[in-house]
Protein chains: 2
Amino acid sequence: MSDRNIISFENIKIACKSCSLVTLCLPMGLEPDDMDRLDRIIKRSRPLHRGDHLFRESDKFQCLYIVKTGSVKTYAPSEDGGEQVLGFHLPGELIGLDAIENATHNCSAKVLETSAICEIPFNHLEELSTSMPSLQHQMYRLLSREISQDENMLTLLGKNNAEERLAAFLMSLSGRFKRRGFSPYDFYLSMSRHEIGNYLGLAVETVSRLFTRFQEEGLLEVERKHIQLIDLERLAQVARRTHSDRGRIQST
Amino acid sequence: MSDRNIISFENIKIACKSCSLVTLCLPMGLEPDDMDRLDRIIKRSRPLHRGDHLFRESDKFQCLYIVKTGSVKTYAPSEDGGEQVLGFHLPGELIGLDAIENATHNCSAKVLETSAICEIPFNHLEELSTSMPSLQHQMYRLLSREISQDENMLTLLGKNNAEERLAAFLMSLSGRFKRRGFSPYDFYLSMSRHEIGNYLGLAVETVSRLFTRFQEEGLLEVERKHIQLIDLERLAQVARRTHSDRGRIQST
DNA sequence: GAGAATTCTTGATCCAAATCAATCTTATAA
DNA sequence: TTATAAGATTGATTTGGATCAAGAATTCTC
């Protein structure tokens, strides 16, 4: 836990300004000085492992979390042991914004694979944003974006059928991977079919059948967690298809 | 548009501190001085009428809106003329928070009945919140609350059946009316069956049938837009029923 | 106040996706 | 290495709610 060892976890604790995520993470667009001030309140924990929790529903709200590497799912547990998956979070994405209001977490956050996480004590962040208009602005933007995303998801669940939901999900992942410098065509899913189905309001079996169908239709290749998107254009068409133009198959 | 006439619309333009909504609206919890400063940037327009728009999707984002009296629906229009209703907004509720991120409205807001609306230029609000930590805090809270509410809605759409969705919707309205000093048992719906169905991801016919069924089961009395909740307790049970305890009918 | 246009209700039918069931595959444990 | 469990796939069956259809009630409009 010191600098005794060069190959220590300290090495992953690089400052925001040298972090590859800086262009899409919380410090995005801050001046170097401001970034340093923010940097000082951010804690970087040692890697968490599959199944570890960042927080659980009804925990006291202390920190926001940012995925640095790996992935995290957030979910609302129900009394009967079930859950609703609320989101999957990739590097650079902020987690815990829904807890500010009543100072308690409304959902749980569980690590899907070995992940490095940045931790930001919210009271410090809020204090800092008081004296840093650009940070305040960034916070408003990120909170607002979260709302937009949830609204998109509401539309997806309210209006789109199974096929469209899965296609939209894959397109979303693809785009997010791309922005992070990963391949938008070839990636591994860190979540199970069950979790995908839960997130999209579908049964596992439906998700499984759709993957098979998409493969048969030449949209993608799938082998367990490994996804290769073959025809991004057509997949996008399936994803944005609404009610009125179901069934139409467009050629590219 | 002056003080020529005592019975003019100017009369509805009362300051926040004399507004009955002050305990659940944006200025909630602000010090009197701070409230005055906020008050000065708020514009109060003359009443809008059924069908009027506060803003439309892709409009430039300028202002947040607060319902003072009446009600408003927000919805995401789709290319094919359809829409997804995103929310119904009652007095004291803030509208437009999803537009901060990209400075453009992602949804449209339409007045459901004659309504008075307060208008808050966001650039002024943001500026003010820079020098007013309590206002900044309140903004974080309201943004965060919006996220929580959307997440609840995601769970409702992802996990609950038609019956549970409508019950939850009615319970939500009831609670919100109560907090505003209206009867939680007896109210008028300002939205159509079609809009309720759209919001809840259901067909109009399903909504209509459920109202009939709820009435038959003695949960409520319904006559067109007029709703009287007879058995709030049992309605709440239906609303919070999850997957695992479908069908069980609990007596109170 | 008649006629048109919505909105709402109710019934009949259909279908997308859930559920049930079985097998297969891949991880984890002993 | 073999058990054992968990995850994924595929098929058969069921079903909740959509869709189709028609009529009734209400509200707009001229």
Side-chain angles (χ1 to χ4, degrees), chain A residues 49-51 73 81-85 110 112-114 156-167 169 188-216 220-227 238 241-244 246-247, chain B residues 49-51 73 81-85 110 112-114 156-167 169 188-216 220-227 238 241-244 246-247:
Chain A
H49 299 102
R50 180 173 171 72
K73 79 163 177 183
E83 63 183 53
Q84 170 68 41
V85 174
K110 193 192 255 188
L112 291 170
E113 62 192 312
T114 302
L156 197 71
L157 294 186
K159 289 279 168 302
N160 294 104
N161 67 18
E163 189 178 63
E164 291 153 5
R165 292 184 205 184
L166 186 63
F169 172 68
Y188 284 81
L189 300 172
S190 59
M191 68 294 288
S192 68
R193 301 286 190 269
H194 188 88
E195 287 167 322
I196 295 173
N198 187 309
Y199 178 58
L200 298 174
L202 302 173
V204 206
E205 295 93 327
T206 304
V207 174
S208 191
R209 277 185 252 271
L210 284 171
F211 270 125
T212 307
R213 198 199 308 167
F214 283 173
Q215 178 159 268
E216 283 164 3
L220 48 77
E221 289 288 329
V222 52
E223 208 212 328
R224 288 253 137 176
K225 308 259 174 190
H226 185 200
I227 305 286
V238 174
R241 199 153 61 188
T242 49
H243 197 69
S244 63
R246 293 269 161 75
Chain B
H49 299 102
R50 180 173 171 71
K73 81 163 176 183
E83 62 183 54
Q84 170 68 42
V85 173
K110 193 192 254 187
L112 290 171
E113 62 191 312
T114 301
L156 197 70
L157 294 186
K159 289 281 168 303
N160 293 104
N161 66 18
E163 188 177 64
E164 292 153 4
R165 291 184 205 185
L166 186 63
F169 172 68
Y188 284 80
L189 300 172
S190 59
M191 68 295 287
S192 68
R193 301 285 191 270
H194 187 87
E195 288 166 322
I196 295 172
N198 187 309
Y199 178 57
L200 297 174
L202 302 173
V204 206
E205 295 94 327
T206 304
V207 175
S208 190
R209 277 185 252 270
L210 284 171
F211 271 125
T212 306
R213 199 199 308 168
F214 283 174
Q215 178 159 267
E216 283 164 3
L220 49 76
E221 289 288 328
V222 52
E223 208 211 328
R224 289 252 135 178
K225 308 261 173 190
H226 184 201
I227 305 287
V238 175
R241 198 152 63 188
T242 49
H243 199 69
S244 63
R246 294 269 162 75

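In what follows, chains carry the letters A, B, and so on, assigned in the order in which the sequence lines appear, proteins first and then strands, with residues in each chain numbered from 1.
Note that CZ of Arg224(A) and CG of Leu189(A) are 12.0 Å apart. Values are rounded to the nearest 0.5 Å. Interatomic distance, Asn160(A) CG to Leu166(A) CG, rounded to the nearest 0.5 Å: 12.0 Å.
Applying a 4.0 Å cut-off to non-hydrogen atoms, the residues of residues 195-208 of chain A that approach DNA chain C are Gly201(A), Leu202(A), Ala203(A), Glu205(A), Thr206(A), listed by residue number.
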Distance-only check: which donor-acceptor pairs under 3.5 Å involve side-chain atoms of residues 199-215 of chain B, not counting sequence neighbours?
{"residue": "Thr212(B)", "atom": "OG1", "partner": "Ser208(B)", "partner atom": "O", "Å": "3.1"}
{"residue": "Arg213(B)", "atom": "NH1", "partner": "Glu163(B)", "partner atom": "OE2", "Å": "2.8"}
{"residue": "Gln215(B)", "atom": "OE1", "partner": "Val222(B)", "partner atom": "N", "Å": "2.8"}

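Direction change of the helix axis from one end of the helix from dT9(C)-dA22(D) to dA30(C)-dT1(D) to the other is 40°, with five pairs defining each end axis (rounded to 10°).
A donor-acceptor pair is defined here as one N or O able to donate and one able to accept, closer than 3.5 Å; such a pair exists between the side chain of Lys225(B) and the backbone of Met191(B). Using modelled atom types, no side-chain atom of Arg50(A) and backbone atom of Thr114(A) make a donor-acceptor pair closer than 3.5 Å.
Put simply, CG on Leu189(A) is 13 Å from C1' on dG7(D), counting in whole angstrom units. Atoms CZ (Arg193(B)) and C1' (dG17(D)) sit 18 Å apart, rounded to a whole Å. Look at NE2 on His194(A): it is 10 Å from P on dA8(D), rounded to the nearest Å. Note: CG (Leu157(A)) to P (dA18(C)) measures 12 Å, nearest angstrom. Separating the CG atom of Leu166(B) from the P atom of dG16(D) is a distance of 17 Å, rounded to the nearest angstrom. Computed from coordinates, the Arg213(B) CZ to dT10(C) P distance equals 13 Å when rounded to whole Å. Here dG16(D) presents its P atom at 12 Å from CD of Glu164(B), a figure rounded to the nearest Å. Going from atom CG of Leu112(A) over to atom C1' of dG7(D) covers 15 Å, rounded to whole Å.
Here Lys225(B) reaches the OP1 or OP2 of dC8(C): one of its side-chain N or O atoms lies under 4.0 Å away. The phosphate of dA6(D) (OP1 or OP2) has no side-chain N or O of Ser192(A) nearer than 4.0 angstrom.
For the salt bridge (Lys or Arg N to Asp or Glu O under 4.0 Å) condition, the pairs that include at least one residue of residues 191-202 of chain B, sequence neighbours left out, are Lys73(B)-Glu195(B).
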Could you walk me through whether Leu157(A) and Arg165(A) pass the side chain to side chain contact (heavy atoms under 4.5 Å, CB included) test, one step at a time?
-> CA-CA 8 Å; Leu157(A) 294 186; Arg165(A) 292 184 205 184; 3.9 Å; yes
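Here the closest heavy-atom approach between residue Lys159(B) and residue Asn198(A) is recorded as NZ-OD1, 3.2 Å.
Every residue two or more places apart in sequence or in another chain that forms a side-chain hydrogen bond (donor to acceptor under 3.5 Å, both in side chains) with His226(A) is listed here: Asp186(A).
With hydrogens and angles left out, the side chain of Arg209(A) and the base of dG11(D) share a donor-acceptor pair within 3.5 Å.
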Annotated protein contacts, base or backbone, on nucleotides 22-30 of chain D with a non-hydrogen cut-off under 4.0 Å, one of B, S, - each | ----S----
